[in-house]
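We count ligands from 1, going down the list as the structure has it; atoms in each ligand are counted the same way. What's counted below: heavy atoms across the whole structure, side chains too, no hydrogens, waters or symmetry copies. Quick caveat: nothing in here was measured; it's all calculated off a predicted structure.
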Amino acid sequence: MIYLFQRFVYQIPRGTRDFTIIEMQNRRYVEEKIRSTFESYGYKEVQTPTFENLELFTAKSGEGIIDEIYSFKDKGGRDLALRPELTAPVIRFYVEKLQMEPKPLKLYYFGNCYRYDRPQKGRYREFTQAGCEIIGTDTPESTAELISMAYNILKNLGLKKIRLKVGNLIILKEIFKKIKLTEEKQKYIIPLIDKNLYEELMNAMSEFRINQKDISEFIDILENSDIEKLRNYLKDNKNVLDEIEKFEKIKNLLENSYKISDLSVKMSIVRGLDYYTGTVFEIEAPCLGAESQLCGGGVYELIELFDGRPSGQAGFALGFDRTIIAMGEEKIVFPKKTIDLYIIPIDEKTILKAVEIAENLRKNGLNVDMDLLRRNIGKALKYASSINAKKVIIIGPDEIEKNVVSIKDMKTGKQETVKIDDLINFLK
Ligand code: HAM
């Protein structure tokens, strides 16, 4: 019994993962590529703590969210939570310390997030997000730039089979108003739209005594929401026409200036989180199956809720783990990590010289490893090839006497003798 219990204790917690050496190399490669796209748009990196006061997350979403997150009391009795996402933490940080920064403020981040989700492929209890927030503007060009950046991050990683869907919550709310769906009823309907449960949606609307013609029109507008159709459908709701125009400008910028051709307008993009207020978007990789959403975001409001001065806010987060799975599905090749040099001292007497040379080369900016197991040359060369060494330096007593080393190029197999004093120049 005790043995069984111990076995359980020493297993990895459900929904978490260890990453192998190769997986970490691939993750770092992807992180660097994402980082460089963020920076190419003028975004700067920030970091916030892994845990926050629980209230930061319940303030907008209510107590219901506690079932979906990791929350706990610390030894001082404070209610805390492991962050389920980074938007609320970054806005908390902004309100506390960054409000005086010049606008627009473009912030990006990488961070581990925790959600009490049911684990499956692409859905974990600990996962990583790469995301960003832009604060201080709500112009159509700022939203279009944000959406295009999300799309280009994924394209720059080599992903070809992705789909961008854009929606708008102000317009959707007007559609709800037109068919007389009260706030109460919307709360019931929105999760059904979010999960694409159309049969349940139609049944619920019938129960709310909405006539069949209105239901069909509503479903059609959710799925085939071209802008003219929206304008026509809402022509009597004058107060939304400005938002439709803004939405159209964003769409035109994305299609005509950012040249994103595979974009679709979908009013069914409602986003699960409660803080969104305007244009929203999602990017999917259909090859991922059930958990195909790679990225989601849009225009939202949180600053005022955290007692900050009103300012435009928008952002998105990309599922880092899902992005890597999608890259695997599209057979994208990750670069192999190499090491510049591997040094093999032939016998015990040559170890000191090998250490001296390795240290000198490292000081000159090269990545150097050396044989620490006193293996014979054959085995040491095999190991060098397994760690992708570009070159191998072999040091024997004869070489030391002549103040030279043998260098073997692992790609061409060519072997040369080089004076120790000329080594740095030769390698550079
Ligand atoms: P979200 O849609 O909840 O948005 O999450 C963003 C992305 O995180 C998802 O599209 C998905 O790829 C990934 N993701 C979510 N849950 C999991 C999970 N359990 N396992 C693996 N990946 C997951 C947000 O979090 C917002 N904060 C985005 C945002 C930023 N909006 C404005 N600014």
Side-chain angles (χ1 to χ4, degrees), residues 13-17 27 30 34 38 43 46 48 52 56-57 60-61 65 68-70 81-94 105-135 138 142-143 146-147 149-151 153-154 157 159 162-167 169 191 194-195 269-303 305 312-327:
R14 197 163 135 76
T16 66
R17 288 150 304 150
R27 286 171 78 83
V30 174
I34 295 177
F38 275 134
Y43 279 73
V46 288
T48 60
E52 296 273 354
L56 190 74
F57 304 110
K60 188 79 202 177
S61 306
I65 200 181
E68 296 163 29
I69 64 180
Y70 282 84
L82 297 181
R83 60 183 174 203
E85 54 110 35
L86 281 100
T87 305
V90 168
I91 295 302
R92 189 252 327 124
F93 178 29
Y94 167 77
L105 190 56
K106 289 174 155 184
L107 308 172
Y108 79 88
Y109 49 79
F110 287 85
N112 45 354
C113 300
Y114 302 84
R115 294 187 190 179
Y116 200 69
D117 267 334
R118 187 193 287 261
Q120 63 176 69
K121 184 183 169 195
R123 196 203 289 157
Y124 311 101
R125 289 184 170 171
E126 183 188 47
F127 60 98
T128 301
Q129 280 190 347
C132 68
E133 315 298 336
I134 176 163
I135 302 167
D138 64 353
S142 70
T143 311
L146 180 85
I147 299 175
M149 180 170 73
Y151 186 82
I153 285 177
L154 295 168
L157 288 170
L159 287 166
I162 52 172
R163 283 203 295 232
L164 169 63
K165 297 180 187 170
V166 190
L169 294 179
D194 193 28
K195 296 193 182 87
I269 303 295
V270 290
R271 309 282 304 129
L273 301 160
D274 302 307
Y275 44 63
Y276 294 99
T277 50
T279 294
V280 284
F281 71 98
E282 287 178 0
I283 304 176
E284 275 183 358
C287 65
L288 292 187
E291 297 300 326
S292 63
Q293 200 199 111
L294 288 185
C295 175
V299 175
Y300 61 88
E301 268 170 33
L302 271 181
I303 292 181
L305 184 72
Q313 304 137 72
F316 66 79
L318 198 124
F320 187 77
D321 310 272
R322 283 184 199 174
T323 302
I324 291 174
I325 301 176
M327 290 171 73

Inset, instruction - May I ask you to check if ligand 1 and L294 share an N or O to N or O distance below 3.5 Å? - result: yes
Legend entry - Heavy-atom nearest option to atom 3 (O) of ligand 1, drawn from R115, R83, E85: R115
Legend entry - Close side-chain approach of I153 to T323, heavy-atom, < 4.5 Å: no
Inset, instruction - Determine, using heavy atoms of Y276 and all atoms of ligand 1, whether some pair is separated by less than 4.0 Å. - result: yes
Inset, instruction - Indicate yes or no: at least one non-hydrogen side-chain atom of V270 is less than 4.5 angstrom from one of Y276. - result: no
Legend entry - Close-contact set for ligand 1 against E133 heavy atoms, below 4.0 Å: 30 (C), 32 (C), 33 (N)
Legend entry - Heavy-atom side-chain contact between Q313 and Y275 under 4.5 Å: no
Inset, instruction - Could you tell me whether the side chain of R163 reaches within less than 4.5 Å of the side chain of E282, counting heavy atoms only? - result: no
Inset, instruction - Determine whether the side chains of E133 and Y109 contain a donor N or O and an acceptor N or O closer than 3.5 Å. - result: yes
Legend entry - Check: Y124 N/O within less than 3.5 Å of ligand 1 N/O: yes
Inset, instruction - State the atoms of ligand 1, each with its element, that fall below the 4.0 Å cut-off from a heavy-atom position in G122. - result: 20 (N), 21 (C), 22 (N)
Inset, instruction - Could you tell me which atoms of ligand 1, counted from 1 in the order shown, lie closer than 4.0 angstrom to a heavy atom of T87? - result: 26 (C), 27 (N), 29 (C), 30 (C), 31 (N), 32 (C), 33 (N)
Legend entry - Atoms in ligand 1 flagged as close to C295, the criterion being non-hydrogen separation under 4.0 Å: 10 (O)
Legend entry - Candidate with minimal heavy-atom separation from atom 25 (O) of ligand 1, of R322, Q129, Q293, Q313: Q129
Inset, instruction - Could you list the residues that satisfy ring-ring contact (aromatic ring centres under 6.0 Å, His included) with Y70, not counting sequence neighbours? - result: Y116
Inset, instruction - Decide whether an N or O pair under 3.5 Å exists between Y275 and ligand 1. - result: yes
Inset, instruction - Could you tell me whether F316 and ligand 1 have an N or O pair separated by under 3.5 Å? - result: yes
Inset, instruction - Enumerate the atoms of ligand 1 whose separation from the nearest heavy atom of R271 is less than 4.0 angstrom. - result: 1 (P), 2 (O), 4 (O)
Inset, instruction - Determine whether the side chain, the backbone, both or neither of C113 has a heavy atom under 4.0 Å from any heavy atom of ligand 1. - result: neither
Inset, instruction - Check whether the side chains of R92 and T48 place a donor and an acceptor atom closer than 3.5 Å, and report yes or no. - result: no
Inset, instruction - Output all residues satisfying ring-ring contact (aromatic ring centres under 6.0 Å, His included) with Y94, sequence neighbours left out; order by chain, then residue number. - result: none
Inset, instruction - Quick one: sort the F38 and F110 rings into parallel, tilted or perpendicular, breaks at 30° and 60°. - result: perpendicular
